[in-house]
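As C-alpha cells, the structure follows; a few thoughts come after it.
Per chain, numbering begins at 1; letters A, B, ... match sequence-line order.
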Protein chains: 2
Amino acid sequence: MRPLPRETTLHLEVRDLSSSKTQTMRARRPAPSSTEAKRRYHHGDLRAALIAEALSIAATEGIEKVSVREVARRAGVSPGAPFRHFADKTALMTAVAEEAMDRFRAEIDAALAKADADDPIAGFRAVGRAFLSWAMRNPTHFAIISSRQAIDFPGSQRLVNQNTAIQELVDHLLQKALSAGRLRSGDTRLVQLAGRALVYGLARMFTDGHFESWHVPATEVETRMEAVLDLVVESLAKPPSDATTNPNPRPRSRRRP
Amino acid sequence: MRPLPRETTLHLEVRDLSSSKTQTMRARRPAPSSTEAKRRYHHGDLRAALIAEALSIAATEGIEKVSVREVARRAGVSPGAPFRHFADKTALMTAVAEEAMDRFRAEIDAALAKADADDPIAGFRAVGRAFLSWAMRNPTHFAIISSRQAIDFPGSQRLVNQNTAIQELVDHLLQKALSAGRLRSGDTRLVQLAGRALVYGLARMFTDGHFESWHVPATEVETRMEAVLDLVVESLAKPPSDATTNPNPRPRSRRRP
DNA sequence: CCCCGCTTGTAAGCATTGATTACATTATTG
DNA sequence: CAATAATGTAATCAATGCTTACAAGCGGGG
C-alpha cells in the first residue's frame, strides 16, 4: 500500500554488470553525451538502464508500482523493448535482486574484516549489525531480495550462491565460538538460525511498516534494533573464560552501570 | 512468484461478520439451499462470500493472484459487484485480514489460558509458540496480516486494536517476569521486541520461502523453530531463584542430557 | 396492497498492465 | 561491403482495477 521508506542513499551508477547470465560480454560504445542523447535507435546499454530505473521506481514509489512499461518509459524506450533483455518482469526484478545481493555481501565482508578476528562472538554481532545497517539504508533492496514474490530466487545461481556463502561464513564463525567455549548452546545451527531470524525479523518488520506506529525517525529505530541484537547475542554467548578458571561468571551488563 | 505453501486447514465458514465498518448491521435471508442457489439476482450474503473466496484464492494460488474479478467470478457474480461492498481491492483484503487477526488473537488467548499462570516466562514462551504454530498452520493469513502491502492496516481500527492488545498482553507478562527476577535484562520493551522479532522473522522466513532449500516437511521446520524459540527464551530468562539463594546458576541444558 | 425508494446487482467501458508478434533499424563481422 | 544477428518499434491481445448508467429486487408508508 504505502510506498516503502525512501532509500536514504541511492546507488544508481550501474557499472560492472558484465557477467550476466542472459547477456554475453559485449563491447559498448561510450554513453551518449547528455545533450546528444536524443533519440538514438539503439540505446547503448539498455539492460543496465532498465535495472537502474526499476530500482529507482521501487525505491521511490514502492515495489508494487514497478511496471515494465513505466521502466521502459523512463528509459525512453518502447514498451516492448525490455523483453529483449529480460524474459519477463520477474527476470528484470531478479537482475535487480542480484545486484542488491552483491552489494549486501560486500558490506558483510567489509564489516567482518573490520571486526576483531580473535573474537568470533564479536564477529557474529558485527555481521548482524551489518545486516541491520544495510537493510535500514537500503530497505527496497532488502525487500526485493527477502520477499521472493517478485523474483525467481532459486532460479538464480548467483543469488543462491551468495546466500549460502553468507550462511557458511556465519556458521564458521559460530564453530570457532563453540570451540572457544563461548556459546551456551552446543548447536551452532540453532544459534545461527536464531540470529538470522532475529535480524531478518527486525528488518522485515521495518520494511513491512511495523514501526510506523512508533512515529520516530529511522535512526532511532535502528538504535533500538541494535540494542535488541546486543541483548540477544550477549544472552546466547558465554563470556570468555578469563584465563583463570572462572566458571560461568555474570555477563557484563552493558545497560545498567 | 511461487504460490505460498498450502493452508493446512482452511477455515472458510465466515460467520459473525456483523460488526463491519463499511457495512451496517442488516438482517439477512437464510442462505439459499445449495440446489436452489441458481441465479438469484441478489446473492444473500455476498460480502461474506467475497471474503471467503478471496482467502481461498490466496491460500491456494498465492496472494498476488487474488483479483477482484476472479473473486467475483467464483462467487458467481458480475465483475463490478464487489465494489458495492468494498471501496477497492485493498478494502476487501483488509476485511480478510481483520478476520484472520481475530482468529490469531483467539489462539493467543487460548494458549495463554492453558499456560502456567504462575510462570510468566512459560507464558511468554507459550505466546511465542502459539504465534509460530498459527503462522505455520495459516501461512496465508499470516502473510496477509504481516506484509501490509495489500491491506490498509492503520486504517482499520480493528486491526490496530487487536495488535496493540496482544503487545500489551505480552508486556504485562514480561513485567511480571521482571518483578519475579526472572529476566536478565531490565528493559522489558527490549525483551518484548526481541521475542516478537524472532518469531516474526521465523514465520516470515517461512512464508517468504526461505526454508524451501531445506527440503523437509513443514512439521520438521516448525520443530526447529520451536527449538530456536526455546533457546532464546531460556537465554533471555533467569531460572527461578530456588528458594535458597543461588546466584546465576547454569541454565538447564535441554538438548544435552 | 402497492407504489416509491433504497440497496444491490448487471452491463459496458476506460486506462493500465504483461506479454507476443511482425517489422524496422543498427551493429558486427566474414 | 554485404549478410546476419542483435536490438529496437508498432500494433495488438487478454486481464485487471475501477467507474458510470441502468435494472432488479426488497421493504416501508400511504
Item to check | Integer-rounded Å distance: C:dT8 C1' and B:Asp45 CG | outcome: 13 Å
Item to check | Those residues that, when tested against B:Phe104, pass ring pair (Phe, Tyr, Trp, His ring centres under 6.0 Å) (two or more places apart) | outcome: B:Phe131, B:Trp134
Checklist entry - Taking side chain as C-beta onward, heavy atoms only, is A:Arg148 less than 4.5 Å from B:His210? => result yes
Checklist entry - Would you find a donor on one side and an acceptor on the other, under 3.5 Å apart, between the side chain of A:Ser147 and the backbone of A:Ile144? => result no
Checklist entry - Can you list the residues that meet the salt bridge (Lys or Arg N to Asp or Glu O under 4.0 Å) rule with B:Asp102, with sequence neighbours excluded? => result B:Arg158
Checklist entry - Counting side-chain heavy atoms from C-beta on, which of D:dG8, C:dA19, D:dC18 comes nearest to B:Asp88? => result D:dC18
Next on the checklist: Taking the minimum atom-to-atom distance to the side chain of A:Ser78, which one of D:dC18, C:dG9, D:dT9 wins?
Outcome noted: D:dT9
Checklist outcome for this item: A:Phe86 atom CZ is separated from D:dT7 atom P, nearest whole Å, by 12 Å
Next on the checklist: From CZ of A:Arg84 over to P of C:dA24, roughly how many Å is that when rounded to an integer?
Outcome noted: 14 Å
Item to check | Smallest separation among heavy atoms of A:Leu50 and A:Ala75, with atom names | outcome: CD2-CB, 4.1 Å
Checklist outcome for this item: When rounded to whole Å, the CD to P distance for the pair B:Glu61 and D:dT16 reads 12 Å
Next on the checklist: So, OP1 or OP2 of C:dG9: does either fall under 4.0 Å of a side-chain N or O from B:His85?
Outcome noted: yes
Checklist entry - C:dT8 P sits how many Å from B:Phe83 CZ, rounded? => result 16 Å
Next on the checklist: Let's go through A:Gln162 and A:Glu98 carefully: what are the C-alpha distance in whole Å and the side-chain angles of both, what is the deciding distance for side-chain contact (heavy atoms from CB on, under 4.5 Å) to 0.1 Å, and is it a yes or a no?
Outcome noted: CA-CA 9 Å; A:Gln162 292 279 42; A:Glu98 285 174 346; over 6 Å; no
What are the atom names and distances for every N/O pair under 3.5 Å that joins the protein to nucleotides 12-17 of chain C?
| unit_1 | atom_1 | unit_2 | atom_2 | d |
| --- | --- | --- | --- | --- |
| C:dT17 | OP2 | A:Arg73 | NH2 | 3.0 |

